[in-house]
Protein chains: 2
Amino acid sequence: MSYYENQTKFLVSVDCVIFGYEEEQLKLLVYPRAFEPVKGSWSLMGGFVKQLESAEEAAYRVLQETTGLSNIFLEQVSAFSGTTRDPFERVISVVYFALIRINQSDEELIKSHGAKWWPVTSLPKLIFDHREMVERSMNILQQKAGSSLIGTELLQKKFTFMQLRKLYEAIYQREFDPGNFRKKILSLGVLEKLDQKNSTESKKGAYYYRLKPNLQVEVLDRIVKI
Amino acid sequence: MSYYENQTKFLVSVDCVIFGYEEEQLKLLVYPRAFEPVKGSWSLMGGFVKQLESAEEAAYRVLQETTGLSNIFLEQVSAFSGTTRDPFERVISVVYFALIRINQSDEELIKSHGAKWWPVTSLPKLIFDHREMVERSMNILQQKAGSSLIGTELLQKKFTFMQLRKLYEAIYQREFDPGNFRKKILSLGVLEKLDQKNSTESKKGAYYYRLKPNLQVEVLDRIVKI
DNA sequence: GCAAAAGTGTTTGCCATACACCCATGT
DNA sequence: ACATGGGTGTATGGCAAACACTTTTGC
């Protein structure tokens, strides 16, 4: 029996805006839609929410199924509910964005779906309102990365300042002064210098850093002025 | 016929976090739930999304039905989709927050629902996850008000600097230096000084200001450091 | 006259930006 | 030797915060 009789029910899906970082470029995982309608068109990873899961759980499931990864950074962007956003049938979609380490993903699994990493600066045409979902996600990513070191989710666990800076340059599509960037990040007090050096990307070699383990407090200082 | 066979459909509702401002306090419109289950418990204004409307349209409809107002500031907060958030039946809810001018609302209509304005600092116990919805909305309101003059949606069209400052003090639960606040806001260049004075709230009398008409550009400068 | 808000000016310290400069090393 | 990134230091300008001070007027 139901308390809420006579109310319309809806299909609810999740769509995942999956960010990765590779070759100094911010990239997005996009795949050719596997079912009709518009089968084959480029689309975000998505799936329908099932009876016994929350939208967030559905998003985690989709990510697991498509990248092989669990335990990844995931955050809701917004619900999209326009009556004609899917021109074939009414579907309400909850959008999440995820940050993953490309080289840790299951590349075979990704390939098996025909998925491809596209630089965010040159995405193909996407179905429905997926382009808008991407843009909203980019905005949120910039906001988040600007007030906490969220971006490190896209790098290896250890990284040099140059790698971190290039990542931020990719996220914000602008350059940062190397010296100032280093000082700003160090002043946050969330990085730990390792004994190890990276000698492959510069002649002098740069020390690796990592996030201090067991950091519970979110950094709320401003990294990038927006 | 349907493209997406065999997928579960869900009840989808909207819940509205309705902010108002009165007696130098930020207030929230909360009403006793009109139907079972937990009929009579304090709840946000809400309603089910109908077949031919988006969630946003549903939220506008709910606001119109309960406050008599259209053309109000409305913005999505998030979708809430936990499987047990409504302990009686699975409902996915999209939450919006609204800013309204209390004295322009239809007070009779509001009363007819038994609704009541509560100071945000002393809310009653709310059903389900509505408390969390309020907290998320407060955070977003603070963020938004800190980077644009969004707060003026809560005041009359013309207002004095003291009124604006008291509003911001209510939103951020802290005090602002009157002189610095005035200079900061004026530097945004979005206010227009009127010839009229308010003499009821101070002995000297303070000039009224209003938002410059036809302001299309959002103020993106920082008003309050968060 | 006093209190209280209106409105303006001043001082201080912090911080972002720009940029100079030395270091270490692979070629 | 030199080019390149690593890393540190310094000068400058803008802005936020603290606060002093004058103005106006109701009581």
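Heavy-atom basis, side chains included; hydrogens, waters and symmetry copies ignored. Below, chains carry the letters A, B, ... as their sequence lines are ordered, and counting in each starts from 1.
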Strictly under 4.0 angstrom, non-hydrogen atoms only: write out the protein contact profile of nucleotides 4-12 of chain C, one letter per nucleotide from the 5' end, B, S or -. SSBSBBB--
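- Scored by the side chain to side chain contact (heavy atoms under 4.5 Å, CB included) test, Asn103(A) finds Arg101(A), Gln156(A) as partners (sequence neighbours excluded).
- For the side chain to side chain donor-acceptor pair (under 3.5 Å) test, residues two or more places apart in sequence or in another chain that qualify with Asn198(B) are Thr200(B), Tyr208(B).
- Applying the 4.0 Å criterion to OP1 and OP2 of dA16(C), one finds that Lys184(A) has a side-chain N or O inside that range.
- One atom, CG of Asn198(A), and another, C1' of dG26(C), lie 14 Å apart when rounded to the nearest Å.
- In this structure, the salt bridge (charged side-chain N to carboxylate O under 4.0 Å, His left out) partners of Arg210(B), at least two apart in sequence or on a different chain, are Glu192(B).
- Across the protein-nucleic acid pair, Leu164(A) atom CG and dG7(D) atom C1' stand 15 Å apart, rounded to whole Å.
- Computed from coordinates, the Ile185(A) CD1 to dG7(D) C1' distance equals 15 Å when rounded to whole Å.
- Comment: Lys111(B) does not engage Glu107(B) in a salt bridge, judged by the lack of any side-chain N to carboxylate O separation of less than 4.0 angstrom.
- Under the rule for a salt bridge (charged side-chain N to carboxylate O under 4.0 Å, His left out), Glu57(A) has no partner lying at least two apart in sequence or in another chain.
- In this structure, the CZ atom of Phe181(A) is 15 Å from the P atom of dA18(C), given to the nearest Å.
- Counting only residues at least two apart or in different chains, ring-ring contact (aromatic ring centres under 6.0 Å, His included) contacts with residues 111-147 of chain A comprise Trp42(A)-Trp118(A).
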